[in-house]
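Quick caveat: nothing in here was measured; it's all calculated off a predicted structure. Note on naming: letters A, B, ... go to the chains in the order of the sequence lines (proteins, then strands), and numbering restarts at 1 for each one.
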Amino acid sequence: MSHPDGGPPRTTGMPRPVTRPLQPVPEDPSGGPDELLRRVARGDQAAFTTLYDQVAPRVYGLALRVVRDPAMAEEVTQEAMVEVWRTATRFDTARGSALSWLLTIAHRRAVDRVRSEQASTARMRKVATVETPYDEVVEQATSRIERQQVRRCLNGLTELQRESILLAYFNGHTYREVSELLDTPLPTIKTRMRDGLIRLRDCLGVTA
Amino acid sequence: MTMSDIHALSGAYALDSVDDIERATFERHLRECDTCAQEVRELQATVARLADESATPPPPGLRAEVLRQISQTPQLTNGQAARVSRSQAAQVTRWRRYAAVSVAAAVAAIAVGAGTWAVSEARVRDARDQLAAERRNASDMQRVLAAPDARVLTGPGRDGGSVTLVMSRSQDAAVAMLGGMPDVGDKTYQLWLITGNQAQSQGIVGNGVTAGAMIVRGLGSADTFGVTVEKPGGAQQPDLTQLIRTLSLS
């Protein structure tokens with residue numbers, strides 16, 4: 001890099017910058033979900049409103065992916081957010097991030113909804129009748145996961161790991177159903193889900 | 001279920017890909033296994049990342065509706081939360097509270113879907129009575145599942161599936177759950193409480209029903225819980241050649 005005056009680099013003769021050990025970037029600056037949830041736990045409705053605005057698109061989007069019906073996804077989002085309000089006092093930062101906790105609540109609600117729908121259409125007793133064209137689902141799920149890191153990490157899994165995880169998470173299938181859909185023994189599916197998630201965790205650098 | 005079996009369930013659990021019985025069993029395991037609890041937290045955080053790019057703007061009216069609802073919804077009191085953190089066995093208590101919530105949701109789902117089989121109620125014609133009874137059953141179930149002395153007993157059925165009992169001496173009641181049992185045609189599964197050599201029927205499950213949950217009231221001094229296959233309508237005494245599973249309550 002040339003300097004207009006042609007002189008030596010400006011830093012010469014300047015006091016050396018004080019080096020400090022790098023501080024970890026705080027994951028949650030004052031207004032992030034973790035802090036907001038702590039305030040929600042104290043009954044702060046304004047904090048809840050901010051939290052809603054931050055997380056509702058993710059909660060709704062996840063619910064929609066799983067239940068595939070906008071009206072039902074709306075109900076799931078509503079139930080999940082009210083549960084977040086109600087049980088915020090129970091949230092423990094030592095047990096993970098607020099976002100992860102909240103999405104766990106929403107996902108479980110969505111899955112419960114899918115399963116009770118399945119049950120009410122009498123599909124519960126014979127899961128063999130599930131007819132989801134899984135490759136289509138997996139392709140859809142993969143293509144819609146735009147976030148490069150997640151996609152890159154998913155691509156690092158074996159096909160069986162990836163399919164098992166996506167079918168379970170986005171379709172609300174039990175691993176028994178996944179085992180039938182993929183025509184693979186139960187213990188194998190169970191193991192692939194776990195080692196797939198572990199590989200994903202390491203690839204994404206997730207800590208809890 | 002062996003230890004290594006249940007350990008391998010952490011992935012399926014984090015994906016919400018287990019059934020209600022496995023969930024209850026696994027959450028019990030988490031209570032006893034700190035490293036597993038840590039692994040599950042990490043896998044749940046990993047799984048949450050899958051939702052990264054699914055974000056979709058929710059319908060505009062939803063915000064106001066949620067805010068209206070929370071303004072009318074009491075939060076769990078600090079007292080309840082404080083009890084948890086003060087408790088010497090905080091981890092245990094926390095698990096039970098957590099389990100109570102999730103299993104309660106599962107119970108609600110079962111009530112909607114497969115139908116809670118409640119023997120005496122099964123023949124109640126009036127739908128309103130039945131609904132009230134199911135609500136009562138569901139709230140009794142929740143009380144059992146949330147009880148501080150709740151214990152989970154589980155074992156495989158003789159011909160497949162699993163039998164799980166969550167029992168509470170303090171509530172003098174238990175929640176019995178059958179999962180993935182083979183269809184026994186026009187016969188039925190029947191539940192028993194056994195005290196010494198006396199067996200007392202807790203009711204039949206109903207023809208063709210292979211999964212579900214049911215409240216068992218009045219454990220008294222019973223030492224064993226058992227499931228048999230019986231003729232349609234059930235039997236007065238258990239057919240011990242058709243014993244599917246026993247669980248020791250002591």
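- The CG atom of D19(B) lies 10.0 Å from the CD atom of E177(A); values are rounded to the nearest 0.5 Å.
- With 3.5 Å as the limit, one finds no donor-acceptor pair spanning the side chains of T73(B) and R86(A).
- A12(B) approaches Y175(A) most closely through the heavy-atom pair CB-CD2, 3.8 Å.
- Scanning all heavy atoms of the two residues, the minimum distance from F170(A) to L50(B) falls at CZ-O, 3.5 Å.
- Heavy atoms from other residues, nucleotides or ligands lying under 6.0 Å from CD of E159(A) number 12 at most.
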| task | Please test E22(B) against R176(A) for side chain to side chain contact (heavy atoms under 4.5 Å, CB included), starting from the C-alpha separation and ending with a verdict. | result | CA-CA 12 Å; E22(B) 289 162 333; R176(A) 269 170 230 288; 2.5 Å; yes

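- Counting heavy atoms from C-beta on, the side chains of W85(A) and V66(B) never come closer than 4.5 Å.
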| Derivation of the side chain to side chain contact (heavy atoms under 4.5 Å, CB included) call for L67(B) and T49(A) | CA-CA 7 Å; L67(B) 296 180; T49(A) 308; 3.6 Å; yes

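- Across all non-hydrogen atoms, the minimal contact from Y60(A) to T56(B) is CD2-O, 3.5 Å.
- Neither the backbone nor the side chain of I105(A) comes within contact range of chain B; no heavy atom of the residue lies under 4.5 Å from a heavy atom of that chain.
- Annotation: the span from Q78(A) atom CD to R68(B) atom CZ amounts to 8.0 Å, rounded to 0.5 Å.
- Interface residue P58(B): backbone and side-chain heavy atoms are both found under 4.5 Å from chain A.
- No donor-acceptor distance shorter than 3.5 angstrom exists from the side chain of S54(B) to the backbone of L62(A), with no hydrogens or angles considered.
- D195(A) does not touch chain B: none of its heavy atoms, backbone or side chain, sits under 4.5 Å away.
- For the pair A41(A) and Q75(B), the tightest heavy-atom approach, listed with the atom from each and the gap, is O-OE1, 4.0 Å.
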| field | CA sep, side-chain torsions, deciding dist, call: I70(B), Y52(A), side chain to side chain contact (heavy atoms under 4.5 Å, CB included) | value | CA-CA 11 Å; I70(B) 66 124; Y52(A) 177 92; over 6 Å; no

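- Remark: R201(A) does not engage E39(B) in a salt bridge, criterion side-chain N to carboxylate O under 4.0 Å.
- T104(A) OG1 to R41(B) CZ: the interatomic distance, rounded to the nearest 0.5 Å, is 12.0 Å.
- Listed for the T89(A) side chain is a donor-acceptor partner under 3.5 Å among the backbone atoms of L76(B).
- Counting all heavy atoms, side chain and backbone alike, Y169(A) lies closest to L15(B) at CB-CD2, 3.8 Å.
- Under the 4.5 Å side-chain criterion, counting only non-hydrogen atoms from C-beta, R194(A) is in contact with H7(B).
- Of all heavy-atom pairs spanning L9(B) and K190(A), the tightest one is CD1-CD, 3.2 Å.
- Between D16(B) and the choices H107(A), R109(A), R115(A), the side-chain hydrogen bond (donor to acceptor under 3.5 Å, both in side chains) rule is met once, by H107(A).
- Of the atoms belonging to V40(A), heavy atoms from both backbone and side chain fall under 4.5 Å from chain B.
- Residue L102(A) does not touch chain B at all, counting heavy-atom pairs closer than 4.5 Å.
- Taking CG of L204(A) as the reference point, atom CD of E42(B) lies at 12.0 Å (rounded to 0.5 Å).
- For the atom pair OG of S17(B) and CG of L167(A), the computed distance is 9.0 Å after rounding to the nearest 0.5 Å.
- Ranked by heavy-atom pairs shorter than 4.5 Å toward chain B, the options V82(A), T191(A), I189(A) are led by V82(A).
- Annotation: maximal heavy-atom pairing with chain B below 4.5 Å, among L99(A), I165(A), V84(A), occurs at I165(A).
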